[in-house]
Amino acid sequence: QVQLVESGGGTVQPGGSLRLSCVASGFSLNVAKIGWFRRAPGKEREAVSCIETRNFPARYRDSVRGRFTISVDKPKNTVFLQMNSLKPEDTAVYHCAYAPADGLLCDLDPREYDLWGQGTQVTVSS
């Protein structure tokens, strides 16, 4: 079965860290684009980060650059999102998504992605 499954969400205090995982099954992440997106209650979905798994430069939204790091573990067929210095405004459901690689940098436009995981909740609260 072709799917993406996220995990690693939870509740942390401001300043804390979480590492989200996105495990792909039924296909390989060796050549792929993977994006992380989030949606907070009452807000539009927004891009967080993306990576093209052939060592192209990753991309980040401005508000998370320097705090979040996206990485890929090809033997585990998994993409990670390490989130440090978390803020209350990072609270959202986080989804990973897949798009075919096309030799270009990954996209921060969710319309470019055609396979989505079910999401994992991240809550940052004191």
Side-chain angles (χ1 to χ4, degrees):
Q1 184 178 1
V2 174
Q3 63 178 357
L4 296 170
V5 178
E6 304 95 333
S7 62
T11 300
V12 296
Q13 294 185 341
S17 297
L18 285 172
R19 188 176 76 158
L20 305 185
S21 299
C22 172
V23 180
S25 58
F27 68 103
S28 173
L29 291 182
N30 283 348
V31 180
K33 294 182 179 181
I34 295 292
W36 282 99
F37 300 85
R38 67 187 182 188
R39 176 171 280 166
K43 294 187 177 181
E44 296 289 319
R45 179 173 54 192
E46 60 184 22
V48 177
S49 180
C50 68
I51 190 168
E52 207 275 29
T53 60
R54 290 177 292 181
N55 294 322
F56 282 43
R59 300 179 68 184
Y60 300 91
R61 70 179 299 107
D62 288 346
S63 63
V64 308
R65 189 174 294 111
R67 300 188 296 123
F68 290 11
T69 304
I70 191 170
S71 62
V72 59
D73 185 329
K74 292 183 179 180
K76 293 183 178 179
N77 219 32
T78 299
V79 172
F80 298 101
L81 184 69
Q82 177 67 44
M83 307 187 296
N84 299 329
S85 302
L86 283 161
K87 303 176 180 180
E89 52 263 42
D90 294 319
T91 295
V93 177
Y94 285 70
H95 298 265
C96 63
Y98 161 85
D102 56 6
L104 301 174
L105 284 177
C106 60
D107 271 285
L108 291 174
D109 182 348
R111 295 172 297 180
E112 297 297 318
Y113 294 81
D114 50 26
L115 177 67
W116 291 77
Q118 83 291 346
T120 185
Q121 175 71 47
V122 171
T123 302
V124 184
S125 174
S126 56

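- In terms of heavy-atom proximity, Val31 sits nearest to Ala101 at CG1-CB, 3.5 Å.
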Verdict with reasoning, Phe56 to Cys106, per side chain to side chain contact (heavy atoms under 4.5 Å, CB included): CA-CA 8 Å; Phe56 282 43; Cys106 60; over 6 Å; no
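- Of all heavy-atom pairs between Ala40 and Ala92, the closest is N-CB, 3.8 Å.
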Test side chain to side chain contact (heavy atoms under 4.5 Å, CB included) applied to Met83 and Val124, step by step: CA-CA 11 Å; Met83 307 187 296; Val124 184; over 6 Å; no
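- Atom CZ of Arg59 is separated from atom CD1 of Ile70 by 11.5 Å, given to the nearest 0.5 angstrom.
- Under the 4.5 Å side-chain heavy-atom criterion for grouping Ile, Leu, Val, Met, Phe, Trp and Tyr, Leu29 is not connected to Phe80 through any hydrophobic cluster.
- Qualifying side-chain contact (heavy atoms from CB on, under 4.5 Å) partners for Ser25, counting only residues two or more places apart in sequence or in other chains: Gln3.
- Follow the hydrophobic side-chain contacts under 4.5 Å out from Val72 and you reach Leu115 in the same cluster.
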Give every donor-acceptor pair under 3.5 Å between a side-chain atom in residues 11-21 and any protein atom, sequence neighbours left out.
| residue | atom | partner | partner atom | Å |
| --- | --- | --- | --- | --- |
| Ser17 | OG | Asn84 | OD1 | 2.9 |

Test log, rule side chain to side chain contact (heavy atoms under 4.5 Å, CB included), inputs Arg45 and His95: CA-CA 10 Å; Arg45 179 173 54 192; His95 298 265; 5.7 Å; no
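- In this structure, Val79 is a member of the same hydrophobic cluster as Phe27, with clusters built from ILVMFWY side-chain heavy atoms closer than 4.5 Å.
- With salt bridges taken as basic N to acidic carboxylate O contacts below 4.0 Å, one links Asp62 and Arg65.
- In this structure, the side-chain contact (heavy atoms from CB on, under 4.5 Å) partners of Ala97, at least two apart in sequence or on a different chain, are Phe37, Tyr113, Trp116.
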Working for side chain to side chain contact (heavy atoms under 4.5 Å, CB included), residues Phe68 and Asp90: CA-CA 11 Å; Phe68 290 11; Asp90 294 319; 3.9 Å; yes
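- Under the 4.5 Å side-chain heavy-atom criterion for grouping Ile, Leu, Val, Met, Phe, Trp and Tyr, Val2 is connected to Ile34 within one hydrophobic cluster.
- Nearest heavy atoms, Ala99 versus Asp114: CA-OD1, 4.4 Å.
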